[in-house]
There are 2 protein chains.
Amino acid sequence: MNNHSCNCERCQHKICAKRVPIFSTLNAEEINRVVNLIIRKRYSRGEMIILEGSHLDSLIIINSGKVKAFRNTFEGKEQIIYIFSQGDFFGEKNLLINQNAQYNVEALEVTHVCTIKKDDFKKLLREYPEIGLKIIEELCSRLERLENAVESMGTKNAEERVNEVLLEFARKYGKESQNGIIVELPLSREGIANYIGVARETVSRKMNLLQEEGIIEMVGNKKVIIRNIDAL
Amino acid sequence: MNNHSCNCERCQHKICAKRVPIFSTLNAEEINRVVNLIIRKRYSRGEMIILEGSHLDSLIIINSGKVKAFRNTFEGKEQIIYIFSQGDFFGEKNLLINQNAQYNVEALEVTHVCTIKKDDFKKLLREYPEIGLKIIEELCSRLERLENAVESMGTKNAEERVNEVLLEFARKYGKESQNGIIVELPLSREGIANYIGVARETVSRKMNLLQEEGIIEMVGNKKVIIRNIDAL
DNA sequence: CGTTCGATTGATGTCAGTCAACCCGAGTGG
DNA sequence: CCACTCGGGTTGACTGACATCAATCGAACG
C-alpha cells in the first residue's frame, strides 16, 4: 500500500474536501478545519483498501478513482455489493457502530482517498450536525440501490439484469455523443457477472445478443456504445 | 383505513415513544414533547399502509405488529424488501430527501403505528442530533440486511436461501424451548418465496426436505420448530 | 514471438420454475 | 350436519434457462 503524504498545494487540498458531498454545507473556514484532519492515500489498480473482517479506525472518502466493495462466499464466489467512485465514502459502519469491516474493498483503478480518523470525525459530526444529515442522505441512496438490486435479483432473469446494469453504468459513467452513449465500463465481464449474480459466460452471451440486435456496440473490452437506450 | 385516535392513557403513550429506539436517548421531559406530536393509527391484516409512488408527509414508526415492504414488477411478481416490526420506522426517505414512496407497505397482522408529521420530525431532528445518530444506526443495520440479501441472491441456490431465511426468522421471532426454537412465521410460503426470490413450490419442497431430515418440524402453516439450528 | 489473462463460443447437464392436479382446513350457507 | 367453496399448501412431471466445463480466440505486454 502506498501511503505517502500529499504533495499538492494547500488549495488543492481544500478543493478535495469541498468536492465531497458530506462536507458541502461547510463554509471556507470550516472546510479548513476538516482539511487539517485529512490524510490522503493512493492505491493502484488491484490494491486492497479494506479486508473483510479487519478493524478500521478511519472514514474513507474517495477523491478520485473507483473501487469495488465485495464479499467472497466460502465456495469462492465473489459478490460485488457496491461500486464507489468520487465523493462516495465507506467505513462508516466501523465508526458509528463499533463493528469490523463487512466487505472487502479493492481499487478498480488508480484511486486517491481522503481518510479521517474516527475520533476526529466523531468530533466533526457533533459540531456540524448537517454532516449527519448528509450522511443519512447518502445512506438512503445506497439503500435505494440495494433495494433495486434485491428486486432485480429476486424477480428478473439474466437478460434483464444485464440490460439493467448497462443502464446503470450509462447513467453513472456514460458520456453522450452523436453515435450514442459512450460508456467506460468499470468492471470486466467477470466483474459485471459478480455484480449481478450470473456467470461470466452469460454476460458475454447476452451482450453479444444486444450487439447483434444493434442496441449496443462493443469497443474492445472496456468500452460500450449504447445506440438505443430505450431498448434496454 | 382505521384512523381513530388513541384511547389509551397518557402514560402508555409515553411508553410507546420510549420503546422506539430512535427516541431512546431522550429524557422524560423530551419524550413528553415527542408524545404530543405523535398520531397513532391502527391497521388490520392486509391493509395497505403505504402505496408505492404515493406522497408521504409523516414518519411512521411501528409500535406493535408486523408489516412487509414490497414492490410489484410489471409482470405481476412481488418482491418483499423488508419485514418491519416493533421499533422499526419507514417513510424516512420521503421526509429527508423529497421523494415519493419507493415501495408498498402492507400490514401482516394487526399493527399499531405512531406517525410524526414531517415538519415536527425535522424540528426534533434539529433539536436533538442524537436522533440523527440513531437513524444512521438503523439505516446501517438495514443496509446490512440488504447487503446480505444481495450476496445471498447473487451466490446461493434455493436450498441455501431457504435455510438462511429460516435462520433469520429464528433470530428475529424465535422462542427457545426444550424441543427447539419455536418460530412463528411472519409470512406464508408464498411470502417467503417472494422474500428470497424463488417460486413458492420450491419453498414447500425445500422445507419438506428439512423436515424429512429432522432438522425442522412444521406445525400447521404458520409455525416451525427448529430442532437442529446448526444444520441450517 | 511467446505468454498470459480475459473474453468468447459451443456442448452438456441440472436446478428450479412452470403447469396442473390434488389436498386440506376454515368458513359459509342451506 | 353436510355440501360447497375458497385460499393456501403440497406434489409430480416436464422443460427451459443458465451454470458448468472445455476449447479457442485475441489483445496486451514483456
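Letters A, B, ... mirror the listed sequences (proteins, then strands); counts begin at 1.
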Between the protein and nucleotides 20-23 of chain D, are there any N/O to N/O pairs under 3.5 Å, and if so, what are the atom names and distances?
residue, atom, partner, partner atom, Å
D:dT20, O4, A:Arg205, NH2, 2.8
D:dC21, N4, A:Glu201, OE2, 3.0

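B:Lys222 comes within 4.0 angstrom of no nucleic acid atom, judged by non-hydrogen atoms across all strands. Contacts of B:Val198 with the nucleic acid, taken as non-hydrogen atoms under 4.0 Å apart, involve only primed sugar atoms and P, OP1 or OP2.
A 4.0 Å heavy-atom criterion places the boundary nucleotides of DNA chain C facing chain A at C:dA7 to C:dA11, written 5' to 3'.
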(request) Evaluate salt bridge (charged side-chain N to carboxylate O under 4.0 Å, His left out) for A:Glu151 paired with B:Arg71, printing each intermediate quantity in order. (result) CA-CA 8 Å; A:Glu151 178 186 358; B:Arg71 290 196 195 152; 2.7 Å; yes
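Taking a 4.0 Å limit (strictly below) on heavy-atom distances, residues 152-168 of chain B reaches DNA chain C at B:Asn157, B:Ala158.
Between the NZ atom of A:Lys223 and the P atom of D:dA28 there is a distance of 12 Å, given to the nearest Å. Atom CZ of B:Arg45 is separated from atom P of D:dG7 by 13 Å (rounded to the nearest Å).
A cation-pi arrangement is absent between A:Lys68 and A:Tyr103 under the rule of less than 6.0 angstrom and at most 45 degrees off the ring axis.
When only modelled atom types and interatomic distance are considered, B:Glu75 and B:Thr73 share a side-chain donor-acceptor pair under 3.5 Å.
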What donor-acceptor contacts under 3.5 angstrom involve side-chain atoms of residues 212-232 of chain A, with partners at least two apart or in another chain?
residue, atom, partner, partner atom, Å
A:Glu217, OE1, A:Arg227, NE, 3.0
A:Glu217, OE1, A:Arg227, NH2, 2.3
A:Arg227, NH1, A:Asn179, O, 2.6
A:Asn228, OD1, A:Asp230, N, 3.3
A:Asn228, OD1, A:Ala231, N, 3.3

Can you give me every donor-acceptor pair (side chain of residues 81-92 of chain A, partner residue at least two apart or in another chain, under 3.5 Å) with its distance?
residue, atom, partner, partner atom, Å
A:Tyr82, OH, B:Glu147, OE2, 2.7
A:Gln86, NE2, A:Asn63, O, 3.4
A:Asp88, OD2, A:Ser85, N, 2.9
A:Glu92, OE2, A:Arg142, NH1, 3.1

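B:Glu109 places no side-chain N or O within 3.5 Å of a backbone atom of B:Ala107 that could act as its donor or acceptor partner.
With A:Tyr195 as reference, A:Glu168 is the one residue of A:Arg161, A:Glu168, A:Glu190, A:Gln79 to meet the side chain to side chain donor-acceptor pair (under 3.5 Å) rule.
Under the salt bridge (charged side-chain N to carboxylate O under 4.0 Å, His left out) criterion, B:Arg189 pairs with no residue at all, not counting sequence neighbours.
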